[in-house]
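All of these numbers come straight from a predicted model, not from anything done at the bench. FYI, side chains are in, hydrogens and waters are out, and symmetry mates aren't considered; it's all heavy atoms of this structure. Within every chain, numbering begins at 1; the chains are lettered A, B, ... in the order of the sequence lines, protein sequences first and strands thereafter.
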Amino acid sequence: MSSIRIKDALAGRPGIGSTVIVEGWVRTRRDSKAGFSFINVNDGSCFDSIQVVAPGELENYGSEILKLTSGCAVACRGTLVESAGRGQKYEIQADSIKVVGWVQDPDTYPIQPKQHSFEFLREVAHLRPRTNTFGAIARVRHVAAQAIHRYFHEQGYFWINTPIITGSDAEGAGDMFRVSTLDLANLPRQDNGDIDYSKDFFGKETFLTVSGQLNVEGYCLALSKVYTFGPTFRAENSNTSRHLAEFWMVEPEVAFANLDDLADLAENFLKYIFAAVLDECPDDMAFFEQRIEATAISRLKSVIETPFVRLDYAEAIEILKRSGVDFEFPAQWGLDLQTEHERYLTEKHFKAPVVVMNYPTEIKAFYMRLSDDSRTVAALDVLAPGIGEIIGGSQREERLDVLERRMDELRLDKEGYDWYLDLRRYGTVPHAGFGLGLERLVNYITGMANIRDVIPYPRVPGRADF
RNA sequence: UCCCCAGUAGCUCAGUUGGUUAGAGCGGGUGACUGUUAAUCACUAGGUCGAUGGUUCGAGUCCGUCCUGGGGAGCCA
């Protein structure tokens, strides 16, 4: 006989009176001297645990059942019945409970049926999925990721698996992690003393990708609507609740599209994901609303129903200047928006997601499309209340001469980007794309305060445990 | 990387202007009791007070340095 998921058992499947087996981990045990015990078992298939009633007649009742502690793994066979107690609709009247795995030292088992600090749980990242919060996060993250794939699939996008190891510095954006098989204690040298990377595995310097964008553009200019979705790496020394050294990024890229088309896509895309999570994770979201962030559900609903505010960077600067707020860094045309500015716009002024478009050329990347007066580029950021920038994107510069001129101005090595320039030499078209950090998305959905808590094993400066 | 805050039992915390033997709740163990709901009650075990140097008759408490964690800023997704 095979086991069923606790999610199904709690829904009354396959039916009252059926004999079922559930397998999972003990959350709590409550004994009755009248001769039986209540064991709450969780298998992660859903938020709730199922109550298993263990009668004293079980042959291992005294020897094992009464010794069960939080975290023990059990396989319970019994009859699915309507619960005689309050608090749950169904429960299992057990006729056999097999202890599959004991907790060796219950005295120091870190996961107790009580509230732990998230800081502490990060130190036991391999056990924290056994808590309510981290189980719920894992399920929401999964549903969000599935919704991302589903949205693009339904809209005719193709998932392109761009490389993780790259030879090109994708955006000149930040420090990269080097990938090398050279012996660090005995590096090969050129005559001038420089390291001889021709001796390295790939015969050149290579790094972990900081973005799949440049690679996915090639497929965009062939398959029209594409996206890349995978791990991304930044060797920045960022110590904040919004940054990880390893994170997952979604990057759609659309041919024959301009910045307005991109803003439409960003808005529809986010709304689709939020709706999917609300629809598929009601219990988990109810938990976040109750215990983590009181507006977790209502603000997602409001985002789904409210049109995003769209405004030019120049308008944003004017609003900030007129706000009368004494910012630490006054807003000024030509300077990037500070975190405090972004928060003011999305949390105070508009109280809604905001799409800021057309930023000054000087503060943005070389591949973004130059406006006619060259003062701005067709870039956009989506700002969300409580988290700040959640999406960054742009219409790409499709004109070869303009792109080359920009690269010269920024003193980029055009040889390394020759393949990228080919895309402008052969059948170039206007195209646009954005990047969305999956963890920032999950942070926003769940209301979790620290990005380290929405990825299973966070990698940050100075820490790569587990 | 910069600024601020914090490290006391397995966990969450209290610990007075420096004072003698460092406390509670939860968790663990033992027992009582009950269709219980993070059950309840009683008893019990459990601590090199982050590390190191200093001030002092005396330091969990004050000072220096370091380590770790958190919040904020910059960079960004």
Determine whether any donor atom in the side chain of His243(A) lies under 3.5 Å from an acceptor atom in the base of C76(B), or the reverse, and answer yes or no.
yes
For a quick check of understanding: with a heavy-atom distance under 4.0 Å over all strands, which category does Asn239(A) fall into, base, sugar-phosphate or nothing?
base
From the candidates G35(B), C11(B), G70(B), the one with an atom nearest any side-chain atom of Gln93(A) is G35(B)
Please give, in whole Å, the distance from G27(B) C1' to Arg130(A) CZ?
16 Å
Only Watson-Crick and G-U wobble pairs with both distances less than 3.5 Å should count. Give RNA chain B in dot-bracket notation, marking inter-strand partners with |.
(((((((..((((.....[...)))).(((((.......))))).....(((((..]....))))))))))))....
So if I take every side-chain heavy atom of Leu244(A) and compare against U36(B), C26(B), A77(B), which nucleotide ends up nearest?
A77(B)
Give one of base, sugar-phosphate or nothing for Gln51(A), where a contact means two heavy atoms less than 4.0 Å apart.
base
Sugar-phosphate, base or nothing in reach of Glu246(A), heavy atoms under 4.0 Å:
nothing
Side chain of Thr69(A) - closest among G28(B), A73(B), A38(B)
G28(B)
List in numerical order all residues of residues 454-466 of chain A for which some heavy atom is under 4.0 Å away from an atom belonging to RNA chain B.
Arg463(A)
Can you find a side chain N or O atom of Arg29(A) that sits less than 4.0 Å from OP1 or OP2 on A38(B)?
no
Is there a side-chain contact between Arg440(A) and the phosphate of C76(B), meaning an N or O under 4.0 Å from OP1 or OP2?
no
Taking only N and O in the side chain of Asn450(A), is any of them less than 4.0 Å away from OP1 or OP2 of G71(B)?
yes
Under 4.0 Å from OP1 or OP2 of U12(B): is there any side-chain N or O of Ser117(A) that close?
yes
Say we look at U21(B) and C49(B): how far apart would their P atoms be, to the nearest angstrom?
14 Å
Where the side chain of Arg291(A) is defined as all heavy atoms beyond and including C-beta, which of U34(B), A38(B), G28(B) is the nearest nucleotide?
A38(B)
Under 4.0 angstrom, heavy atoms only, what part of the nucleic acid is Gln115(A) near: base, sugar-phosphate, or nothing?
base
May I ask you to verify if any side-chain N or O of Gln338(A) is less than 4.0 angstrom from the OP1 or OP2 atom of A73(B)?
no
Counting any heavy atom closer than 4.0 Å, what does Thr240(A) reach on the DNA or RNA strands: base, sugar-phosphate only, or nothing?
base
Does the U37(B) base have a donor-acceptor partner in the side chain of Glu91(A) within less than 3.5 Å?
no
Going by 5.5 Å between centroids and 30° between planes, is there a stack of Phe247(A) over A77(B)?
yes
Determine the contact category for Phe120(A): base if any of its heavy atoms lies under 4.0 Å from a base atom, sugar-phosphate if only primed atoms, P, OP1 or OP2 are that close, otherwise nothing.
sugar-phosphate
Looking at Ser241(A), I'd like to know whether one of its side-chain N or O atoms comes within less than 4.0 Å of OP1 or OP2 on G72(B).
yes
